[in-house]
Amino acid sequence: MKYGSEVTFAFSLALLFVSVLASCQRTSEDGIARSKITEPATDEMRMRVLRKIATANGIVRASALRIAVDPDRREAGRLIFSSNLMSVNGSISCSSCHLEKFGSADGLPNAIGVGGKGEGVARMNSGGSILPRNTLPFWGRGGKGFNTFFWDGKVASQNGQVISQFGKYAPSSDPLLVAIHLPSVELREMVADTSQIRSTFVSEDVSAADSIQSALATRFAEDSKIGPKLANAYKTTRGEITFAEVADALASFIRDEFRIQPTRLENFVFKDGAISKAELAGGIVFYGRGKCSSCHNGPYFSDLKFHAVAMPQAGFGKNGFGIDEGRYNVTQDPADRFLFRTPPLHNVTKTSPYSHSGSLPRLEDAIIAHFDPLRLAETRKMSIGERANLYARLGPASREILPSALSDTDVRDLVAFLSMLEFDTRSSVQ
């Protein structure tokens with residue numbers, strides 16, 4: 001599929017998404033709905049083992065990850081998060097693609113940027129610009145130790161230095177703040193790709209970003225609601241507000257609004273809370289022969305490093321023509337082809353669809369892709385180019401730490417265990 005075939009792509013992907021979405025609601029093969037598998041576990045020895053190994057692999061109490069924020073800055077950030085003023089020439093806000101009902105993402109395979117209208121599937125055929133990757137949820141972003149951002153890690157903190165597209169001109173030593181600077185200047189994401197924009201702002205240095213963000217700061221300062229909030233939060237006048245204050249306020253909101261909160265797994269590990277038989281079995285697989293914790297470890301259930309999984313590719317991809325070479329696009333190191341940052345797992349059951357391209361609506365299939373990716377590939381229906389791309393992705397994936405072949409029951413138990421990482425996501429965004 002060529003990059004320019006956006007309308008056809010949006011229509012076909014919408015049909016695909018609608019057709020498979022219902023499968024997320026199906027009962028398991030034995031006819032028992034996933035949510036009904038609640039028989040309590042009684043095996044004390046296995047429960048002790050699970051608590052011990054979860055602790056050894058980095059689980060901590062949610063409170064240990066929280067960074068306190070100034071309430072006035074948070075309130076200004078809340079208004080900015082929902083404001084279309086963030087888009088220099090398009091009606092789109094941060095909240096257009098990060099909604100509570102989709103677990104702080106957008107519920108779509110590929111994000112829809114400027115020009116998009118509506119929510120969920122309705123947004124796909126609204127005429128908005130299609131982006132090549134799946135929208136990432138916000139849970140834990142900016143918490144203690146969370147220092148690698150985006151699917152390809154294009155913003156990260158290494159040895160106390162922030163690595164980003166800004167190079168040595170990074171606007172902050174805080175990686176979250178640097179990451180917040182990028183969407184507002186991304187063509188097709190929050191900046192409409194027009195001839196006027198290209199002639200006025202597009203260049204090979206950060207001056208273009210500075211020009212756009214200076215204009216955005218002026219907008220926010222002049223807004224009758226947001227301007228006074230920013231001035232009060234930063235003890236300055238509206239005329240002196242810069243994008244630094246705008247970004248910092250937004251970071252304060254994101255840090256607090258999307259902080260990790262207590263989960264049933266935390267309650268089980270630290271307070272001897274209840275666990276079902278399916279959840280216990282899934283936890284043993286997660287830390288045992290499933291080898292999930294080799295990458296999904298630490299307080300965010302992610303090593304925040306880069307790995308290859310041969311997920312199906314949907315859409316035109318970051319490199320075009322149905323290809324996304326992942327981390328390679330940042331480092332230009334051939335060893336990084338098809339590597340993506342390990343996704344954190346809090347609320348993972350609420351953030352369908354899965355993978356960097358949103359190609360898998362079911363969490364079960366995202367798990368299967370780790371050990372049996374060919375089950376998900378209809379190779380006879382692929383073009384030669386698509387099959388060649390699949391073979392290329394299988395190579396790096398085969399060099400990862402691979403789980404044992406898991407049964408369908410194992411996969412269902414893993415989903416049950418991952419549901420223990422859910423917490424209430426009711427948002428205060430208005």
Side-chain angles (χ1 to χ4, degrees), residues 67 69-70 73-74 76-90 92-98 104 111 113-114 131 133 135-138 140-143 146-158 160-193 197 200-221 223 226 230 233-234 236 240-258 318 329-330 341:
I67 296 177
V69 302
D70 179 272
R73 296 182 181 188
R74 184 199 190 281
R78 182 185 70 83
L79 297 176
I80 292 168
F81 188 82
S82 299
S83 174
N84 287 344
L85 295 177
M86 184 61 82
S87 177
V88 68
N89 62 342
I92 186 171
S93 67
C94 304
S95 62
S96 298
C97 296
H98 296 281
S104 81
V114 288
L131 304 178
R133 288 180 178 161
T135 298
L136 283 162
F138 272 169
R141 274 53 173 178
F146 199 113
N147 57 13
T148 305
F149 294 83
F150 302 106
W151 282 106
D152 51 19
K154 62 185 177 183
V155 175
S157 180
Q158 299 177 5
Q161 181 180 1
V162 176
I163 308 300
S164 74
Q165 291 161 282
F166 289 97
K168 64 181 180 180
Y169 300 105
S172 172
S173 59
D174 181 344
L176 174 61
L177 269 170
V178 176
I180 284 172
H181 276 71
L182 293 181
S184 65
V185 294
E186 283 283 344
L187 287 176
R188 303 166 62 81
E189 184 169 350
M190 299 192 84
V191 181
D193 190 359
I197 286 291
T200 305
F201 292 111
V202 175
S203 68
E204 294 297 323
D205 58 55
V206 298
S207 62
D210 290 340
S211 297
I212 289 177
Q213 290 168 345
S214 178
L216 297 179
T218 299
R219 284 185 182 183
F220 285 118
D223 183 79
I226 298 175
L230 282 169
Y234 292 94
T236 187
E240 295 176 321
I241 291 170
T242 69
F243 195 79
E245 286 78 39
V246 173
D248 185 75
L250 193 51
S252 296
F253 174 74
I254 290 172
R255 274 204 168 94
D256 191 63
E257 180 73 6
F258 299 101
K318 192 74 170 181
N329 292 316
V330 173
R341 189 198 63 189

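Side-chain atoms are counted along with the backbone in the values below, which use heavy atoms only and exclude waters and symmetry mates. Quick caveat: nothing in here was measured; it's all calculated off a predicted structure.
For residues 168-180, every residue pair satisfying the salt bridge (Lys or Arg N to Asp or Glu O under 4.0 Å) rule, not counting sequence neighbours, is listed here: Asp174-Arg255.
Checking Ile226, Val246, Leu250 one by one against Ser83, the side chain to side chain contact (heavy atoms under 4.5 Å, CB included) holds for a single residue, Ile226.
Atom CG of Asn329 is separated from atom CH2 of Trp151 by 14.5 Å, given to the nearest 0.5 angstrom. Distance CZ/Phe138 to SG/Cys94: 6.5 Å, rounded to 0.5 Å. With rounding to the nearest 0.5 angstrom, the CG atom of Asp210 is 10.5 Å from the OH atom of Tyr169. Remark: Ile80 CD1 to Glu245 CD distance equals 10.0 Å, nearest 0.5 Å. Going from atom CD1 of Ile254 over to atom CD1 of Ile180 covers 4.0 Å, rounded to the nearest 0.5 Å. Remark: Met86 CE to Ser96 OG distance equals 11.5 Å, nearest 0.5 Å.
Considering only residues two or more places apart in sequence or on other chains, Arg341 meets the salt bridge (Lys or Arg N to Asp or Glu O under 4.0 Å) condition with none of them. Take Ser172 and apply the side-chain hydrogen bond (donor to acceptor under 3.5 Å, both in side chains) test, not counting sequence neighbours, and it matches no residue. Judged as a side-chain contact (heavy atoms from CB on, under 4.5 Å), and not counting sequence neighbours, the contacts of Ala76 are Lys229, Leu230, Ala249. Taking Glu186 as the reference, Lys154, Gln165, Glu189 meet the side-chain contact (heavy atoms from CB on, under 4.5 Å) condition, with sequence neighbours excluded. Partners of Ser164 according to the side-chain hydrogen bond (donor to acceptor under 3.5 Å, both in side chains) rule, which considers only residues two or more places apart in sequence or in another chain, do not exist here. By the side-chain contact (heavy atoms from CB on, under 4.5 Å) test, Ser252 is found to be paired with Val69, Arg73, Asp248, residues two or more places apart in sequence or in another chain being considered. In terms of the ring pair (Phe, Tyr, Trp, His ring centres under 6.0 Å) criterion, residue partners of Phe243 (sequence neighbours excluded) are, by chain and number, His181. Asn147 meets the side-chain contact (heavy atoms from CB on, under 4.5 Å) test with Ser157, Pro175, Leu304; sequence neighbours excluded. For the side-chain hydrogen bond (donor to acceptor under 3.5 Å, both in side chains) test, no residue two or more places apart in sequence or in another chain qualifies with Asn84. Applying the side-chain hydrogen bond (donor to acceptor under 3.5 Å, both in side chains) test to Arg219 and every residue at least two apart in sequence or in another chain returns nothing. For Phe146, the ring pair (Phe, Tyr, Trp, His ring centres under 6.0 Å) partners are Phe149, Tyr300, not counting sequence neighbours.
The aromatic rings of Phe81 and Phe253 sit tilted relative to each other, their planes meeting at an angle between 30° and 60°.
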Quiz item: Stepwise, does the side-chain contact (heavy atoms from CB on, under 4.5 Å) test hold for Leu182 with Phe150?
Solution: CA-CA 11 Å; Leu182 293 181; Phe150 302 106; 3.8 Å; yes
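Under a 3.5 Å cut-off, the side chain of Ser104 and the backbone N or O of His98 do not form any donor-acceptor pair. Side-chain atoms of Asp193 never come within 3.5 Å of backbone atoms of Leu187 as a donor-acceptor pair (strictly under, hydrogens ignored). With Gln161 contributing its side chain and Gln158 its backbone, the two residues share no donor-acceptor pair below 3.5 Å. Proximity of a side-chain donor or acceptor of Thr218 to a complementary backbone N or O of Ser214 within less than 3.5 Å is detected.
Across all non-hydrogen atoms, the minimal contact from Val178 to Ala170 is CG2-CB, 4.4 Å. Here the closest heavy-atom approach between residue Ile212 and residue Val88 is recorded as CG2-CB, 4.2 Å. Pairing each heavy atom of Thr135 with each of Cys97, the nearest pair is CG2-O, 3.4 Å. The two residues Ala251 and Leu177 make their nearest non-hydrogen contact at CB-CD2, 4.0 Å. In plain terms, the two heavy atoms of Ala179 and Pro183 that are nearest each other are O-CD, 3.1 Å. When every heavy atom of Ser87 is checked against every heavy atom of Leu216, the shortest pair comes out as C-CD2, 4.3 Å.
Taking 4.0 Å as the cut-off between side-chain N and carboxylate O, Asp152 and Lys318 do not count as a salt-bridged pair.
Counting heavy atoms from C-beta outward, Val191 and Val114 have side chains that stay 4.5 Å or more apart.
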